Amino acid sequence: MHHTFRAAGSVALVLLTAACGDSPVGSEAGDPDAGERVVKAAPSFVEDIQPIMDRWGCAQSTCHGAGQGGLRLTSDPATNWRALVNVPSTNQREFLRVEPYDAQNSYVIMLFENRQSPLFPPMPDGGPIDDVDLTNFRRWIDQGAAFN
C-alpha cells in the first residue's frame with residue numbers, strides 16, 4: 001500500500017524532541033488551565049493520551065461523543081483505547097486509526113498533521129494540536145500503543 005508522507009515538519013519535530021526526555025513546556029493550546037505539560041519519553045494512554053483527548057474535547061457531543069466520522073469516544077480510557085488501536089479508519093479503511101509502532105501511518109496522526117484525504121477535515125476542531133500533545137501521541141503509538 002502506498003502512503004504519503006509529510007517531509008521535514010514531522011521529521012524535524014521527532015528529531016528535535018527525541019532527546020528531550022521529559023522536557024517542560026507550557027500549555028499553549030487546548031485548555032489554557034491545563035497547567036504545565038511535558039513531552040514524555042514513554043507516554044501512557046491513561047496518564048497522557050486520554051488527557052489529551054479530554055483537553056481537546058474529543059468526546060464532546062459535538063465531536064466523537066456523538067460518533068462523528070464513525071468514531072465514538074467517551075470519558076472511559078479503556079473504551080477509547082479499544083475504539084482506536086488496530087481499528088480501521090471509517091473514512092480511509094486502508095489505514096488503522098492507531099497502528100501500533102507506526103505513528104507515521106496511523107490515521108489519527110494523519111488527521112492531526114493534516115495529511116489525510118482532502119475530503120475529511122483535520123483534527124481537532126480547535127486545532128491544530130500543539131507540539132507537546134502531538135509528540136506525546138506519536139511516541140505512545142511508536143512505542144506500541146499499549147493500554148497503560
Side-chain angles (χ1 to χ4, degrees), residues 1 3-31 33-60 63-65 67-116 120-148:
M1 115 178 60
H3 301 288
T4 58
F5 296 96
R6 184 177 187 183
S10 297
V11 172
L13 175 64
V14 170
L15 292 176
L16 186 62
T17 59
C20 295
D22 291 345
S23 306
V25 209
S27 68
E28 63 276 359
D31 180 359
D33 297 321
E36 186 172 73
R37 294 177 296 116
V38 296
V39 172
K40 301 249 182 122
S44 151
F45 187 83
V46 174
E47 300 283 322
D48 303 301
I49 304 308
Q50 181 66 43
I52 290 170
M53 294 188 296
D54 292 343
R55 185 170 40 264
W56 286 95
C58 300
Q60 291 181 0
C63 201
H64 295 294
Q68 294 284 30
L71 171 62
R72 180 169 297 282
L73 296 175
T74 71
S75 60
D76 177 55
T79 299
N80 293 342
W81 183 84
R82 284 190 301 274
L84 291 170
V85 178
N86 286 315
V87 176
S89 162
T90 306
N91 297 331
Q92 292 187 290
R93 296 197 64 79
E94 68 269 24
F95 296 105
L96 297 177
R97 290 174 176 158
V98 169
E99 186 171 333
Y101 302 103
D102 192 358
Q104 184 67 20
N105 292 305
S106 291
Y107 194 63
V108 68
I109 298 299
M110 291 178 188
L111 288 164
F112 289 159
E113 295 177 341
N114 201 19
R115 294 186 289 119
Q116 78 290 350
F120 307 105
M123 291 187 318
D125 279 342
I129 193 169
D130 64 75
D131 290 345
V132 173
D133 288 347
L134 178 60
T135 300
N136 282 329
F137 222 111
R138 278 178 139 301
R139 285 185 177 183
W140 169 72
I141 294 170
D142 282 339
Q143 293 170 7
F147 183 70
N148 55 358

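Every value quoted in this text rests on a predicted model; they were computed, and no experiment measured them.
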Item to complete: Kindly say whether V46 contributes a backbone atom to a donor-acceptor pair with the side chain of W81 at under 3.5 angstrom?
Response: no

Worksheet item: Is Q104 reaching over with its side chain to a backbone N or O of D142, donor-acceptor style, under 3.5 angstrom?
Response: no

Inset, instruction - Apply the test side-chain contact (heavy atoms from CB on, under 4.5 Å) to residues Q60 and L73: give CA-CA distance (whole Å), side-chain angles for both, the deciding distance (0.1 Å), then the verdict. - result: CA-CA 8 Å; Q60 291 181 0; L73 296 175; over 6 Å; no

Can you find a pair of side-chain heavy atoms, one from [X] and one from [Y], that are under 4.5 Å apart?
X: I141; Y: V108; value: yes
X: D133; Y: R37; value: yes
X: N105; Y: M110; value: yes

Rounded distance (nearest 0.5 Å) linking atom [atom1] of [X] with atom [atom2] of [Y]:
X: M123; Y: H64; atom1: CE; atom2: NE2; value: 4.5 Å
X: S44; Y: I49; atom1: OG; atom2: CD1; value: 8.0 Å
X: F137; Y: E113; atom1: CZ; atom2: CD; value: 11.5 Å
X: T79; Y: L84; atom1: OG1; atom2: CG; value: 11.0 Å
X: N80; Y: C58; atom1: CG; atom2: SG; value: 9.0 Å
X: L134; Y: R139; atom1: CG; atom2: CZ; value: 11.0 Å

Set out, in order, the CA-CA distance, both residues' side-chain angles and the distance that settles side-chain contact (heavy atoms from CB on, under 4.5 Å) for I129 and I52, then state yes or no. CA-CA 9 Å; I129 193 169; I52 290 170; 4.1 Å; yes

query: If you count the non-hydrogen atoms of other residues, nucleotides and ligands that lie under 6.0 Å from CZ in F147, is the total more than 12?
result: yes

Contact summary for [X] and [Y], nearest pair of heavy atoms:
X: P100; Y: G144; result: CB-O, 3.4 Å
X: V38; Y: N136; result: O-ND2, 2.8 Å
X: A146; Y: F45; result: O-CB, 3.7 Å

#### Entry: Evaluation steps, side-chain contact (heavy atoms from CB on, under 4.5 Å), between V98 and I109
CA-CA 8 Å; V98 169; I109 298 299; over 6 Å; no

Practice prompt. Given side-chain contact (heavy atoms from CB on, under 4.5 Å), test T90 with R97 step by step and report yes or no.
Written response: CA-CA 8 Å; T90 306; R97 290 174 176 158; 2.9 Å; yes

**Study point:** Aromatic ring pairing F95/Y107, orientation class (parallel under 30°, perpendicular over 60°, tilted between)
**Key:** parallel

Have R138 and S106 got a donor and an acceptor in their side chains that come within less than 3.5 Å?
no

